[in-house]
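Predicted, not measured: the structure shown is a model, and the values here were computed from it. Computation of the quantities below employed the complete heavy-atom set of this structure, encompassing side-chain atoms and omitting hydrogens, waters and symmetry-equivalent molecules. Throughout, residue positions are numbered sequentially from 1 according to the sequence presented.
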Amino acid sequence: MGIVENIRSLKLDVKIVEARNVELKLSPTTLFVRFYLHAGNNSKIELNTAEICSRSDKEVVIWNQSFGLECQGNETGVQELKQQSVVFELRRRNTTSFLKKWSRSELVGRGKISWKSVIESDGMEIERFVVMDETKDRVLEDCDKPLLLKIALKVQASKPVNTKRVEDLCECRDCRRCNCLDYEAFVVACALAGI
């Protein structure tokens with residue numbers, strides 16, 4: 001007998017809108033946002049936005065870049081996601097370096113938002129400014145305003161679907177020995193049973 005399991009499909013959308021109160025000491029430089037998404041089994045996915053040139057006279061940096069991730073899991077996976085947070089890092093890279101593409105980036109600020117706050121919000125989506133904890137190095141100019149990162153997060157969940165093994169749907173209960181003449185119709189019936 002096969003195992004019956006409720007599978008749920010999740011779509012996670014992350015949009016990096018803009019950073020505010022960005023006044024860098026060093027110029028020219030590029031800024032980008034790196035963020036980490038929970039991928040289960042104590043692993044994370046690292047994603048980076050495009051790098052944008054920043055001038056010292058510009059306080060707002062706009063990305064307006066979206067990322068989408070679709071995954072499947074059982075109810076335990078959804079509960080595990082609620083325990084996790086998305087960590088955002090505003091990073092800078094010096095553009096005067098000859099090998100700028102391969103040069104290391106510096107952390108400017110870090111902030112996070114819990115998935116629980118997104119899942120429990122109206123429509124399972126939020127758009128807000130995250131106050132970034134600045135680094136000790138203070139690569140930013142002395143400024144009384146906090147470094148802010150505007151982000152949008154959205155979770156879309158499908159209804160749970162019962163999945164069964166093919167063997168459970170066949171009347172003979174042993175499809176390896178079954179001589180189903182209309183195998184294509186059998187496969188379609190199995191697919192429809194899973195919907």
- request: Please lay out, stage by stage, how R34 and E46 fare under the test side chain to side chain contact (heavy atoms under 4.5 Å, CB included).
  value: CA-CA 7 Å; R34 176 175 291 161; E46 176 185 302; 3.4 Å; yes
[X]-[Y] co-clustered via ILVMFWY side chain contacts under 4.5 Å:
X: V86; Y: L47; result: yes
X: L147; Y: V131; result: no
X: I113; Y: L148; result: no
X: L153; Y: M124; result: yes

query: Does the gap between the ring centers of F67 and F35 come in under 6.0 Å?
result: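 When the ring centroids of F67 and F35 are compared, they turn out to be within the sub-6.0 Å range.
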message: Out of the candidates E89, E51, R92, R91, only one should pair with S105 under the side chain to side chain donor-acceptor pair (under 3.5 Å) rule; please name it.
response: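 That would be R91; it is the only one of E89, E51, R92, R91 passing the side chain to side chain donor-acceptor pair (under 3.5 Å) with S105.
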- prompt: So, Q83 versus H38: side-chain donor-acceptor pair below 3.5 Å or not?
  reply: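 Short answer, no.
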field: Close side-chain approach of R110 and L90, heavy atoms under 4.5 Å
entry: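 Side-chain contact under 4.5 Å: no.
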message: For a side chain to side chain contact (heavy atoms under 4.5 Å, CB included) check, start with the C-alpha distance between F32 and I52, then their side-chain angles and the critical distance, and finish with the verdict.
response: CA-CA 6 Å; F32 66 98; I52 296 179; over 6 Å; no
query: For the atom pair CG (D133) and CG (L107), what is the distance rounded to the nearest 0.5 Å?
result: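 If I round to the nearest 0.5 Å, the distance is 10.0 Å.
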Side-chain donor or acceptor of [X] paired with backbone N/O of [Y] under 3.5 Å:
X: N21; Y: P146; result: yes
X: Q65; Y: A50; result: yes
X: T49; Y: V33; result: yes

State plainly whether the residues [X] and [Y] are in salt-bridge range, i.e. N to O under 4.0 Å.
X: R20; Y: E18; value: yes
X: R93; Y: E106; value: no
X: K150; Y: E127; value: yes

field: Test side chain to side chain contact (heavy atoms under 4.5 Å, CB included) applied to F88 and V14, step by step
entry: CA-CA 11 Å; F88 297 95; V14 179; 4.1 Å; yes
- prompt: Looking at L12, I126, D13, which hits side-chain contact (heavy atoms from CB on, under 4.5 Å) with V155?
  reply: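 The side-chain contact (heavy atoms from CB on, under 4.5 Å) with V155 is passed solely by L12 among L12, I126, D13.
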task: Could you check K15 against N64 for side chain to side chain contact (heavy atoms under 4.5 Å, CB included), going step by step and ending with a plain yes or no?
output: CA-CA 7 Å; K15 184 175 183 181; N64 228 4; 3.0 Å; yes
task: Return the minimal non-hydrogen interatomic distance between L149 and W63, and the atom names on each side.
output: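 So the two residues come closest at CD1-CZ3, 4.4 Å.
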